[in-house]
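This report refers to the structure that appears directly beneath it.
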Amino acid sequence: MKTLVINSGSSSIKYQLFDMTDESVLCSGVIERIGEKEGVLNHKIAPDTDKAEKVSVEQPIPDHEVGMNLAIDLICGENGVVKDKSEIDAIGHRIVHGGEKFSKPTLVDENVFKELEKVVPLAPLHNPGHLAGMRVTTDLFPDVPQVVVMDTAYHQTLPEKAYMYALPYELYKEMSIRRYGFHGTSHKFVARETAKVLGKPVEECNIITVHLGNGCSMTATEKGKAVDTSMGITPLEGLVMGTRSGDVDPALHALLGRNKGMSLEEVDTLLNKESGLKGMCGMNDMRDIHAAIEEGNERAEMALAVQTYRTKKYIGSFMAVLGHVDAIVFTAGIGENDAIVRERSVEGLEALGVKIDKELNDCRASEPVKISTEDSAVELWVVPTNEELAIARDTLAVVKS
Ligand code: ADP
């Protein structure tokens with residue numbers, strides 16, 4: 001079974017073609033600068049092997065249709081990894097916001113398009129790009145089953161007390177304003193992979209997954225189901241991220257408007273693109289921040305301190321939510337690679353039964369690694385995420401059901 005996973009954004013499309021018999025990646029690519037003067041497509045064949053090859057195409061890519069056609073020519077053309085379009089058995093689409101309608105991966109039909117259109121006001125930067133990509137692939141592959149896998153779906157099991165904001169109830173009824181949570185595909189995948197290494201069914205596990213990449217979020221999973229998460233109605237709430245502030249006092253918009261004359265749009269851009277690690281120290285890549293700290297940069301040290309302190313605070317609160325915790329798990333770019341961030345995110349939690357083993361923690365993980373001491377009541381793990389593979393697995397499960 002060959003499954004194509006597509007992540008279609010407003011001006012870019014990422015794709016990976018999996019051979020699901022062994023879950024290997026046949027090819028992957030990124031189409032960028034759609035709609036700009038010059039577009040670019042970078043295509044990789046067998047990217048995870050020593051036979052990897054790269055092809056680049058530079059030309060104007062006015063819309064998603066032109067971009068997708070370019071990619072399909074490379075995937076299925078004369079030198080493609082498959083010889084014909086008909087060899088692709090299923091297509092999975094990553095969707096950032098599924099609103100309240102979608103609690104699981106769903107086969108695409110006209111109704112799915114309509115429902116996702118309705119969610120556009122909740123995710124104006126993401127969902128229009130997803131819909132554009134879906135339109136193109138349903139036209140190009142009319143006979144291939146297509147599935148939408150939503151970042152929000154995993155968190156639809158949150159109880160009301162966790163997803164409701166303390167706002168006038170009418171706002172929920174009229175505009176569906178509530179916590180949705182994001183990175184759900186990653187949290188679900190990592191929780192399940194963790195259950196495997198714990199040697200128990202996920203339905204018997206309480207797990208805190210800590211996804212630290214460019215975007216950062218945390219989810220509490222109780223007996224296999226998400227019960228709380230740090231991101232909210234948008235992916236801005238919660239942890240400190242590369243360029244996003246995470247939690248701030250909600251009065252900030254009014255305060256900046258009144259005292260600095262900033263518009264709502266300007267404050268939104270400030271919080272999403274100019275804040276977080278970048279706002280505090282001018283850098284948003286954790287590797288640069290560590291290098292700067294080595295050179296005595298105090299603001300870089302402050303940014304690291306604020307980020308890891310916030311992460312620890314959320315770990316503590318999710319331990320309270322769960323009561324009993326089997327494992328706390330780090331994942332994504334920073335979570336998988338950064339021993340210092342991991343150590344500082346759990347330091348001082350020994351009295352709560354969380355003890356990190358500094359030697360085991362000194363690793364960059366490409367497979368699950370346990371990093372807690374033998375006598376730690378709560379196990380600590382690093383478990384690599386793989387959102388594309390998770391989407392491919394979910395897609396196949398829907399198509400087979
Ligand atoms: P995205 O949210 O875009 O999927 P990733 O999960 O790929 O992000 O994480 C990207 C981030 O991971 C980078 O911005 C960088 O801060 C961090 N990162 C990547 N490699 C390392 C490393 N070796 N050490 C520390 N941080 C790293």
Side-chain angles (χ1 to χ4, degrees), residues 1 3 5 7 16 18-25 90 92-96 98 102-106 147-159 162 180-213 215-231 315 318-319 321-322 324-333 335-336 342 365-372 378-401:
M1 286 290 265
T3 302
V5 172
N7 181 356
Q16 280 195 25
F18 288 90
D19 181 346
M20 293 306 284
T21 47
D22 60 0
E23 298 190 333
S24 62
V25 180
H93 294 270
R94 180 199 177 211
I95 307 291
V96 166
F102 298 103
S103 56
K104 54 183 193 303
T106 305
V147 173
V148 279
V149 181
M150 276 78 44
D151 265 12
T152 45
Y154 183 56
H155 296 118
Q156 281 295 305
T157 50
L158 258 57
Y180 288 94
F182 297 87
H183 289 145
T185 308
S186 172
H187 288 293
K188 179 181 161 192
F189 178 86
V190 172
R192 271 146 188 74
E193 292 297 303
T194 304
K196 284 186 201 164
V197 292
L198 293 176
K200 291 202 277 190
V202 74
E203 292 75 22
E204 290 173 21
C205 294
N206 285 2
I207 297 170
I208 297 173
T209 40
V210 188
H211 179 114
L212 302 177
C216 302
S217 66
M218 195 181 300
T219 292
T221 291
E222 186 176 46
K223 297 189 168 51
K225 288 198 172 131
V227 290
D228 208 346
T229 192
S230 61
M231 282 178 167
I315 288 176
F318 282 4
M319 289 180 78
V321 165
L322 292 173
H324 167 81
V325 181
D326 294 291
I328 299 168
V329 192
F330 291 92
T331 194
E336 289 163 31
R342 290 192 298 255
S366 53
E367 55 188 52
V369 180
K370 186 174 163 184
I371 56 167
S372 49
V378 178
E379 292 191 16
L380 293 167
W381 282 84
V382 183
V383 175
T385 191
N386 189 337
E387 287 169 282
E388 291 76 18
L389 176 59
I391 293 170
R393 283 184 188 169
D394 280 351
T395 298
L396 210 58
V398 171
V399 170
K400 281 186 171 166
S401 67

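Residue indices begin at 1 and follow the sequence shown.
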Handout entry: Heavy-atom side-chain contact between V227 and P159 under 4.5 Å
Key = yes

Handout entry: 4.5 Å side-chain heavy-atom contact, V149 and R94
Key = no

Problem - CA sep, side-chain torsions, deciding dist, call: F102, T152, side-chain contact (heavy atoms from CB on, under 4.5 Å) - result: CA-CA 8 Å; F102 298 103; T152 45; 5.9 Å; no

Just list the side-chain donor-acceptor pairs under 3.5 Å for residues 380-392, sequence neighbours left out, or say none.
unit_1	atom_1	unit_2	atom_2	d
W381	NE1	E379	OE1	2.8
T385	OG1	S186	OG	2.8
N386	OD1	L389	N	3.1

Practice task
Give a yes or no on this: more than 12 heavy atoms of other residues, nucleotides or ligands lie within 6.0 Å of atom NZ of K225.
Solution key: no

Exercise for the section: Tell me, please, which residues at least two apart from R192 pass salt bridge (charged side-chain N to carboxylate O under 4.0 Å, His left out). Expected result: none

Completion exercise
Here the side-chain hydrogen bond (donor to acceptor under 3.5 Å, both in side chains) pairs for residues 198-208, sequence neighbours left out, are K200-D326

Completion exercise
Interatomic distance, CG@D228 vs CZ@F318, rounded to 0.5 Å, equals 4.0 Å

Exercise for the section: Flag the pair E336 / T331 as yes when at least one side-chain heavy-atom distance between them is below 4.5 Å, and no otherwise. Expected result: yes

Completion exercise
NE2 (H187) and CE (M218) are apart, to the nearest 0.5 Å, by 8.5 Å

Handout entry: Within-4.5 Å side-chain heavy-atom neighbours: H155 and T219
Key = yes

Handout entry: Spacing of T3 atom OG1 and F18 atom CZ [to the nearest 0.5 Å]
Key = 8.5 Å

Practice task
Taking the side chain as every heavy atom from C-beta outward, state whether Y154 and T229 have any pair of such atoms under 4.5 Å apart.
Solution key: no

Problem - Any I208 side-chain heavy atom under 4.5 Å of M319 side chain - result: yes

Problem - T194 side chain near C205 side chain, heavy-atom distance below 4.5 Å - result: no

Practice task
Fit a plane to each ring of H183 and H211, take the angle between them on a 0 to 90° scale, and name the class: parallel (under 30°), tilted (30 to 60°) or perpendicular (over 60°).
Solution key: parallel

Problem - For N7, all residues meeting side chain to side chain donor-acceptor pair (under 3.5 Å), sequence neighbours excluded - result: none

Handout entry: Pairwise side-chain contact, I328 with V210, heavy-atom cut-off 4.5 Å (strictly under)
Key = yes

Handout entry: Partners meeting side chain to side chain contact (heavy atoms under 4.5 Å, CB included) with S103 (sequence neighbours left out)
Key = Q156

Problem - Qualifying residues under side chain to side chain contact (heavy atoms under 4.5 Å, CB included), relative to K104, sequence neighbours excluded - result: none

